[in-house]
Amino acid sequence: MKYSLSSLSYHIPFLFQRSNSVPQLLQLQALLLKTALDHHQFFATQLISSLCRLSVRHAHSVLDRLPFPPSLFAWNSLIRAYAEAFQSTAAFQVFSNLRRFGAGEADFFTYPFVLKACAQSSMLGEGRVVHGLVVKAGMLADSHVRNTLLHLYGSCRTIWCAWKVFDEMRERDVVSWSCMIEACVACSQPSCAVSVFQEMRLSNINPNSVTLVSLLSACSHLTKLKMGRSIHSFILLNNIKLDISLGTALILMYNKCGQVNDSLIVFSSMEGKNLQTWTIMISGFAHHGKGKEAVSLFNQMEAASSLKPDSLLFSAILSACSHSGLVAEGQSFFSTMVDVYRIKPVMEHYGCMVDLLGRAGLVEEAYKFIKEMPVSPNNVILRSFLSACRKHGSVSESNGRKLVEQLLTEEPELGANYVLAADLSSVFGRWSEAFKLRGAVKGRRLKKVTGCSWV
DNA sequence: CTAGGGTTAG
């Protein structure tokens with residue numbers, strides 16, 4: 001095709017819009033070079049922002065080689081693209097380059113992008129630096145910037161900083177409140193999240209689906225079934241769309257509160273489901289001893305959707321099998337995972353298998369499995385196996401003893417391990433040893449510390 | 001061209 005220069009510059013924006021591959025865009029770049037239109041900032045910007053959609057790397061190299069200072073729009077596109085590609089360090093690096101070499105200052109698009117990148121990777125130090133620049137540039141006046149700052153401190157689990165930003169806000173919109181609720185949940189303060197929500201209602205701000213996802217998460221942590229149910233009715237009454245996230249959060253809440261039947265009702269009513277949704281529903285069945293239902297749901301997923309099960313889903317289904325004594329099914333899932341889906345088993349999967357065999361009383365098989373695993377068993381697996389030994393006996397004393405020693409060496413601070421060790425010594429009739437081990441329980445924690453500091 | 005959300009063994 002032949003274009004006159006003026007008609008060419010008219011057509012180029014459309015060409016950009018139509019290009020959906022890197023080679024096509026590179027061809028366009030060649031065209032710009034040939035026609036000297038590459039010296040027009042408008043086209044350069046368009047090239048960079050189009051490239052950002054497809055290949056951040058290419059976009060970056062074009063920006064670096066521009067013969068004139070790139071537009072702020074181009075810088076912003078690049079930072080955003082890096083943030084969206086989870087390359088937070090690169091996003092921050094581009095932001096620094098913008099400040100050093102760029103023409104003009106960062107604007108109220110730049111800061112949300114770079115802050116989002118910092119939040120994603122919990123880069124608190126970098127985030128604080130950006131916060132300082134935000135203050136200096138007077139950008140706190142922008143609500144997007146303020147809300148992203150709030151999100152940053154929530155993600156970095158520095159709740160006091162989040163509160164500071166939140167308290168200093170004069171105007172709070174639904175995003176500000178949602179971010180604050182989310183920050184409380186992220187910092188293991190679910191009851192705080194609930195209070196913030198109540199305050200939000202008093203301020204006459206209406207929650208949206210994102211707010212409710214965070215709030216439901218707080219309900220799950222607190223097992224507040226009544227509140228969870230009222231959120232569910234709120235959703236139904238207000239015709240809030242049950243999207244994947246909201247539906248998943250609801251199912252999770254019902255799971256945690258022991259109401260799997262309700263989980264299933266929500267699950268069935270959802271239109272779109274992703275892998276997480278299936279995983280959560282299957283693990284709900286797993287936790288409530290409904291192994292058969294879990295297995296049938298797994299098969300249903302394989303048959304009815306194009307989703308490919310992942311490592312987490314296999315953890316869930318293996319756990320379902322082990323809790324319901326479905327030994328053959330569990331073993332079959334394990335080999336399907338390895339042979340059909342080519343997923344490399346990790347500690348969790350081995351743990352499920354040891355648990356599956358151990359609970360079923362197949363102690364020797366469990367021992368054999370542990371010995372044949374390519375990794376050394378962790379505390380969880382050791383405890384699971386030794387509990388099986390305590391219950392079903394029938395492992396040779398010397399083999400059991402070695403694993404007990406391993407457990408006590410790796411986790412000497414947990415009192416529960418000494419209880420287990422003492423019980424096993426009793427099984428083998430070593431009474432004095434059992435007595436000594438029981439003495440060691442004193443002064444040690446019986447449960448793991450979860451690190452929850454609820455207010 | 002802008003901000004916020006959910007999962008896995010014991």
Side-chain angles (χ1 to χ4, degrees), chain A residues 45-46 48-50 52-53 71-81 83-84 107-116 119 142-152 154-155 173-183 185-186 207-218 220 243-253 255 273-284 286-287 309-323 330 345-356 358-359 377-388 416 448:
Chain A
T45 301
Q46 203 157 37
I48 290 168
S49 72
S50 307
C52 278
R53 281 186 284 124
S71 64
L72 195 49
F73 190 106
W75 285 105
N76 289 348
S77 304
L78 190 59
I79 295 173
R80 183 178 60 146
E84 274 172 10
D107 66 358
F108 46 81
F109 287 105
T110 321
Y111 288 105
F113 295 151
V114 67
L115 284 169
K116 188 181 181 177
D142 185 84
S143 68
H144 286 85
V145 176
R146 287 192 307 256
N147 290 338
T148 327
L149 270 172
L150 200 48
H151 172 61
L152 166 81
S155 300
D173 57 14
V174 60
V175 179
S176 322
W177 288 98
S178 305
C179 284
M180 196 59 230
I181 291 171
E182 209 273 316
V185 174
N208 63 15
S209 83
V210 181
T211 324
L212 297 180
V213 169
S214 298
L215 194 63
L216 279 168
S217 171
S220 304
D243 62 16
I244 294 188
S245 296
L246 191 54
T248 308
L250 259 179
I251 295 173
L252 193 63
M253 184 278 297
N255 279 355
K273 302 176 181 85
N274 63 12
L275 212 50
Q276 285 178 348
T277 322
W278 290 92
T279 305
I280 292 165
M281 194 59 238
I282 286 173
S283 78
H287 284 299
D310 66 349
S311 175
L312 298 181
L313 183 53
F314 274 107
S315 286
I317 190 69
L318 289 174
S319 142
C321 293
S322 87
H323 285 285
V346 294
M347 198 64 91
E348 280 82 352
H349 302 122
Y350 294 126
C352 288
M353 290 309 283
V354 171
D355 207 49
L356 176 82
R359 272 178 205 268
N378 69 358
N379 312 331
V380 178
I381 294 182
L382 290 173
R383 257 199 304 282
S384 161
F385 174 72
L386 293 172
S387 309
K448 289 202 166 181

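In what follows, chains carry the letters A, B, and so on, assigned in the order in which the sequence lines appear, proteins first and then strands, with residues in each chain numbered from 1. Note that these values count all heavy atoms, side chains included, but never hydrogens, waters or copies made by symmetry.
Contact annotation: H349(A) side-chain N/O to dT8(B) OP1/OP2 distance is not under 4.0 Å. When the side-chain nitrogen and oxygen atoms of H144(A) are compared with OP1 and OP2 of dG4(B), none of them lie within a distance under 4.0 Å. Residue H323(A) places no side-chain N or O under 4.0 Å from the OP1 or OP2 atom of dA9(B). S155(A) has no side-chain polar atom (N or O) that falls below the 4.0 Å cut-off from OP1 or OP2 of dG4(B). At least one side-chain nitrogen or oxygen of S319(A) sits closer than 4.0 Å to the OP1 or OP2 atom of dA9(B).
Residue contacts shown for S384(A) are absent, as no nucleic acid heavy atom lies under 4.0 Å away. Counting any heavy atom pair closer than 4.0 Å across all strands shown, M353(A) reaches no nucleic acid atom. Among the heavy atoms of the strands, none lies under 4.0 Å from D142(A). Heavy atoms of F108(A) sit under 4.0 angstrom from at least one base atom. Counting any heavy atom pair closer than 4.0 Å across all strands shown, S176(A) reaches no nucleic acid atom. Using a 4.0 Å heavy-atom criterion, one finds that N378(A) contacts the bases of the nucleic acid, with or without backbone contacts as well.
Here the CG-OG distance, from N379(A) to S384(A), works out to 12.0 Å after rounding to the nearest 0.5 Å.
Of the candidate nucleotides dG4(B), dT7(B), dT2(B), dT7(B) has the atom lying nearest to any side-chain atom of L312(A).
The nearest whole Å value for the distance from the CD1 atom in I181(A) to the P atom in dG6(B) is 13 Å. Between the P atom of dG5(B) and the CG atom of L150(A) lies a distance of 11 Å, rounded to the nearest Å. For the pair M253(A) CE and dG6(B) P, the computed distance is 15 Å after rounding to whole Å. Atom CD of E182(A) is separated from atom C1' of dG6(B) by 11 Å (rounded to the nearest Å).
For S77(A) and S49(A), the side-chain atoms include no donor-acceptor pair closer than 3.5 Å.
One N or O donor and one acceptor, one from the side chain of Q276(A) and one from the base of dG6(B), sit under 3.5 Å apart. Counting distance only, with no hydrogens placed and no angle test, the side-chain atoms of N379(A) and the base atoms of dG10(B) include no donor-acceptor pair under 3.5 Å. The base of dG6(B) has none of its N or O atoms less than 3.5 Å from a complementary donor or acceptor on the side chain of D243(A).
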